[in-house]
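All remarks here apply to the structure that follows.
Side chains are part of it too, since the values below use all heavy atoms of this structure and drop only hydrogens, waters and symmetry mates.
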Amino acid sequence: MLSELAFSADDLALTRFAVSPMWEVVTSFQLLTSGSAHPVHRTWVDQVRPRVAAAGLDAGWLAELIPPNGYLPDFLTPPPGELAPTLATELAAIRATSADHVLADLDVLGRTISRCQALRRDPESRLAQITEEIEAYWELALAPYWAKIRAVLDADVFHRARQVAEHGVGHFFNDLHSTLSWDDNTLRMVRRHCGISRETSGPGLLLVPSAFAVNMLTWSRPPQPPQLAYPARGIGTLWEHRPVTRIDAIAAVLGRSRAVLLAELESPASTTELARRTGVSAAGVSQHLTALRDAGIISAHRAGRSVLYARTAVAESLLAASA
């Protein structure tokens, strides 16, 4: 299927980028449940899949609404109104979805399983349940890694915007993905499903880089601009192990124990895991983690009965500066 999206001067003027937490939710969940051993995201899948299963999220609302491949309900990815909306902002937009839009999406999804039928009967209360489950999934699967993911997405937006500034929109679109081409003010897309055109979408275009998208994904609902989610560049380095080479420099500021803990948080970990790895007592680890969290250097995320600690963007910048 070949889709064509014509651009007027006004459409080009309304073309913009956004980083969307919900696009990362749906694409990461789809990847997680696809059963494929993705070569780039294997480390993340191995860490996250057991947590998601233990929480029962592999058999809940998301499992029924997000198939391993194919159509993703549009109401799960509302158009971001700003460059980088919070998850809370997007969840509020999901809860505000009209019943007509929910029903239309379910018709396209074509599933008749029990939860989808319940969503048809009572969209308002069921959407509240869905967003609660999304929050639980986010805390387990994405929040501990968000600093790394967000850095890749921000870098992609910066690179693409610079491409437009230096070479123009035609060069940018032709370089974005192998299924896209730009010619005569028209963006052409080779699509397996869900064709898109100006007749089925609003003005402009919203471009959303994704760390977990495998292929191009489209969203279209007038009068909103169409969304185009694309695989972000640089994801091959997302889960690379990057040893802290100058721990002494960080230790001079934070103290050796805290510097060691920060180095160990290459992947999110619990107090017990960090104590076992470092030889510091669990009580000592807890005290140091509290100090690092209060300083905004790490973040804490509930995972069942334990808490996972992860580096924040502040920590990643600190470690990058000391490399």
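Judged purely by atom type and a 3.5 angstrom limit, E316 has no side-chain atom pairing as donor or acceptor with the backbone of R311.
Only one option out of V48, L87, I149 pairs with L142 in a side-chain contact (heavy atoms from CB on, under 4.5 Å); it is I149. No option in L176, N174, D175 other than N174 meets the side-chain contact (heavy atoms from CB on, under 4.5 Å) test with W182.
Salt-bridge formation is not detected for the pair R49/D58: no Lys NZ or Arg NE/NH1/NH2 atom is positioned less than 4.0 Å from an Asp or Glu carboxylate oxygen. Ion pairing of R115 with E64 is present here, as a side-chain N (NZ or NE/NH1/NH2) and a carboxylate O approach within less than 4.0 Å.
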Going through the distances and angles, do L119 and F75 end up as a side chain to side chain contact (heavy atoms under 4.5 Å, CB included)?
CA-CA 12 Å; L119 180 56; F75 71 82; 4.0 Å; yes
Take L140 and L57 through the side chain to side chain contact (heavy atoms under 4.5 Å, CB included) test and state the conclusion after the steps.
CA-CA 10 Å; L140 287 175; L57 298 177; 3.7 Å; yes
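With sequence neighbours excluded, no residue forms a salt bridge (Lys or Arg N to Asp or Glu O under 4.0 Å) with R95. H177 pairs by the ring-ring contact (aromatic ring centres under 6.0 Å, His included) definition with nothing, not counting sequence neighbours. Considering only residues two or more places apart in sequence or on other chains, D105 meets the salt bridge (Lys or Arg N to Asp or Glu O under 4.0 Å) condition with R221.
Counting only N and O atoms by type, the side chains of S210 and E24 include a donor and acceptor under 3.5 Å apart. Counted by atom type alone, S28 and Y137 present one or more donor-acceptor pairs between their side chains at under 3.5 Å.
In the hydrophobic clustering of ILVMFWY residues, with side-chain heavy atoms under 4.5 Å counting as a link, L206 and V164 come out together. Under the 4.5 Å side-chain heavy-atom criterion for ILVMFWY residues, a single connected hydrophobic cluster contains both I297 and V307.
Ring centroid separation for the pair F212 and H41 comes in under the 6.0 Å cut-off.
To the nearest 0.5 Å, the span separating CZ on F173 from CG on D183 amounts to 13.0 Å.
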